[in-house]
Amino acid sequence: MELPYAEPYRIKMVESIKKSTVEQRKQWIKEAKYNLFNLKSDQVYIDLLTDSGTGAMSDRQWAEVMLADESYAGSSSFLKLEKAVKDITGYNFFIPTHQGRAAENVLFSAMVKEGDIIPGNSHFDTTKGHIEYRKGKVVDCIIDEATNTDLFHPFKGNIDLNKLEKVFKSNPIEKIPFVIVTVTCNTAGGQPVSMANIKAVSELCKAYNVKLFFDAARYAENCYFIKEREEAYKNRSIKSIAAEMFSYGDGMTMSSKKDGLVNMGGIIALNDEEIYRTAITFNIMYEGFITYGGMSGRDMGALAVGLYEALDYDYLTSRITQVQYLGEKMAEFGVPVQKPIGGHAVYLDANKFVPTIPKEEYRAQSLAIELYIVGGIRGVEVGTILADRDPETRENRYPELELVRLAIPRRTYTHNHMEYIAATLKKIYKSRTEAKRGYKILWEAPIMRHFTVVLEKIQE
Ligand SMILES: *Cc1c(COP(=O)(O)O)cnc(C)c1O
């Protein structure tokens with residue numbers, strides 16, 4: 001008999017979380033203007049809003065917090081972090097920032113001009129925001145299979161090389177400063193990109209003299225999928241897979257709140273000295289001196305340790321296994337989820353879940369609100385509200401996928417929590433045809449509206 005899988009860690013410290021009633025949650029979400037970002041955390045039982053900065057640090061990371069050097073310049077904590085980043089990525093230059101979007105802000109200040117075009121598999125929302133804010137344009141070149149949630153494809157985050165080459169051919173090449181490959185591809189459901197694809201994209205970029213950058217927030221999880229799903233890598237260590245992956249690019253930005261296993265932090269690493277020199281001036285203006293960039297010494301120390309822990313195969317197995325378990329349990333109950341299950345989250349397919357709600361009334365948001373009311377579980381809409389309006393026509397952009405993302409924080413919730421989440425969704429799924437009306441927007445920001453949007457329930 002094969003023994004069941006169990007986590008490669010035990011718990012040294014616990015944090016209480018609050019339960020509540022359906023009646024309380026109905027009132028709270030109304031007060032929150034039907035925006036899940038407006039809830040207080042103690043109004044939430046299981047918080048799957050994001051896996052960003054919400055995970056648990058290890059005893060070794062906490063030890064590093066105590067050892068931290070808070071010197072303004074040249075602290076030993078910075079030097080530890082710099083050593084780790086260079087060792088793992090192989091890039092020559094490292095710039096610390098306070099989080100991932102700050103890394104984008106600093107790098108894009110040095111590299112993106114009005115009218116530029118930045119293709120990629122599918123850009124993360126802050127990445128897109130920082131490019132569009134500079135009046136640049138993003139072009140998604142992800143493979144068509146990515147939008148078919150029923151279809152199994154091992155690497156749904158892959159770039160369609162024909163689409164990418166078309167962008168290269170149909171635009172003046174000097175307007176394309178770089179390509180971004182997001183690993184894993186968040187927007188497409190946390191789907192990985194294969195090494196073969198990364199290599200081919202790299203070759204195409206070189207042929208057209210375009211730089212290649214990684215948005216590497218979940219690169220360790222991507223490397224795990226490469227090891228599991230790409231034959232040639234099955235005997236390689238995660239660290240060596242990561243080294244090969246980074247070798248195909250010119251640099252990376254990263255939110256350390258994901259595979260850095262810390263609560264705050266960001267990374268830029270790159271090879272080009274001229275871009276580095278331009279970027280550090282912006283870093284000093286926006287973030288802080290080049291040896292802390294918005295991070296305290298203790299954050300940098302914890303990150304230096306976290307980066308290595310995230311490359312540990314046993315850790316990655318437990319992380320991905322937990323997410324897969326939740327997804328498979330839901331699929332077993334007939335709940336429509338994006339397949340294959342991604343690395344950090346399970347995505348509910350709201351078009352299939354609540355087709356009875358008109359798409360103009362925000363299906364995915366409606367489903368996310370229902371999940372909160374019924375189970376006290378906070379997920380997030382990855383659909384029409386997130387997709388924002390077209391910058392030119394100001395019309396709503398209706399993406400092909402209307403998803404609710406249930407992101408699982410790292411090393412935080414137990415197996416029983418996964419059972420509870422799956423059972424809650426089973427219950428909602430049973431009564432789904434009763435849902436007829438959704439929500440309307442009362443107020444929205446001109447960019448990245450999902451964080452602050454004000455909604456009203458449409459009465460049946
Ligand atoms: C989280 C994330 C970012 C932005 O990072 P923050 O730390 O939240 O600012 C950018 N890209 C991807 C793929 C991410 O997951």
Side-chain angles (χ1 to χ4, degrees), residues 37 47-55 85 95-109 112 118 120-133 138 140 142 146 156-159 178-193 198 212-223 225 242 245-246 249 251-269 283 286-288 293-296 299-300 302-303 306-307 310 319 323 342-345 347 379-380 382 386 403 405-410 447-448 450-451:
F37 286 98
D47 206 346
L48 309 182
L49 183 72
T50 176
D51 64 328
S52 181
T54 52
V85 171
I95 306 173
T97 65
H98 81 274
Q99 62 184 90
R101 71 199 67 188
E104 291 163 356
N105 188 31
V106 168
L107 185 71
F108 297 173
S109 293
V112 178
I118 290 96
N121 39 0
S122 190
H123 298 71
F124 188 72
D125 57 346
T126 59
T127 318
K128 189 167 68 150
H130 273 297
I131 291 167
E132 290 180 347
Y133 179 74
V138 300
D140 282 5
I142 198 159
K156 278 188 174 176
N158 279 359
I159 284 190
F178 55 97
V179 168
I180 297 179
V181 179
T182 306
V183 286
T184 58
C185 190
N186 195 312
T187 321
Q191 299 295 322
V193 185
I198 291 168
L212 172 61
F213 277 78
F214 294 102
D215 181 347
R218 297 181 182 80
Y219 79 100
E221 291 169 13
N222 199 93
C223 292
F225 282 117
M245 183 187 85
F246 287 125
M252 58 91 108
T253 58
M254 174 172 174
S255 168
S256 310
K257 302 167 74 172
K258 320 305 186 356
D259 282 352
L261 293 177
V262 291
N263 304 115
M264 194 54 71
I267 291 171
I268 303 172
N283 208 52
Y286 296 142
E287 294 294 297
M295 295 181 77
S296 55
D299 289 340
M300 292 192 284
L303 177 55
L307 283 170
R319 159 107 180 117
V323 177
H344 68 286
Y347 290 74
V380 69
V382 181
L386 180 74
L403 304 168
R405 186 185 75 173
L406 307 178
I408 312 298
R410 294 168 180 79
I447 201 160
M448 290 193 260
H450 57 289
F451 289 118

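Counting starts at 1 for both ligands and their atoms, in listed order. Keep in mind it's a predicted model, so treat the numbers as computed, not measured.
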Given the ring of Tyr347, does Lys156 sit roughly above its face, with NZ or CZ under 6.0 Å from the centre of the six-membered ring and within 45° of the axis?
no

Students often mix this up, so state it plainly: with edges at 30° and 60°, are the rings of Phe246 and Tyr219 parallel, tilted or perpendicular?
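Aromatic pair Phe246/Tyr219 classed tilted.
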
Is Lys258 paired with Asp51 through a side-chain N to carboxylate O contact shorter than 4.0 Å?
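A salt bridge is absent here (no side-chain N lies under 4.0 Å from a carboxylate O).
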
Atom indices of ligand 1 within 4.0 angstrom of [X] heavy atoms, with elements:
X	value
Asn186	15 (O)
Ala217	12 (C), 13 (C), 14 (C), 15 (O)
Arg218	15 (O)
Thr182	13 (C)
Thr126	3 (C), 4 (C), 10 (C)
Arg101	4 (C), 5 (O), 6 (P), 8 (O), 9 (O)

Any Glu104 heavy atom less than 4.0 Å from ligand 1
yes

Tell me, please: is Met264 in heavy-atom contact with ligand 1, that is, under 4.0 Å?
no

For ligand 1 and [X], I'd like to know whether there is a polar contact (N/O to N/O, distance under 3.5 Å).
X	value
Gly100	yes
Gln99	yes
Lys257	no

Thr184 versus His344, closest heavy-atom pair with distance:
OG1-ND1, 4.3 Å

Just checking Phe37: does its CZ atom have more than 12 heavy atoms from other residues, nucleotides or ligands closer to it than 6.0 angstrom?
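Yes.
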
If the condition is side chain to side chain donor-acceptor pair (under 3.5 Å), which residues does Ser109 pass it with, not counting sequence neighbours?
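Testing Ser109 for side chain to side chain donor-acceptor pair (under 3.5 Å), a comparison that skips the adjacent residues, returns Arg134.
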
Under 3.5 Å, side chain of Asn283 to main-chain N/O of Thr97, donor-acceptor pair present?
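A pair under 3.5 Å: no.
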
Which residue holds the protein heavy atom closest to [atom], what is that atom called, and what is the gap in Å?
atom	result
atom 13 (C) of ligand 1	Asp215 OD2, 3.3 Å
atom 14 (C) of ligand 1	Lys258 NZ, 2.9 Å
atom 7 (O) of ligand 1	Ser255 OG, 2.6 Å

Taking the side chain as C-beta and beyond, is there a heavy-atom pair between Thr50 and Arg405 under 4.5 Å?
yes

Who pairs with Thr182 by side chain to side chain contact (heavy atoms under 4.5 Å, CB included), at least two apart in sequence or on another chain?
Asn121, Ile180, Asp215

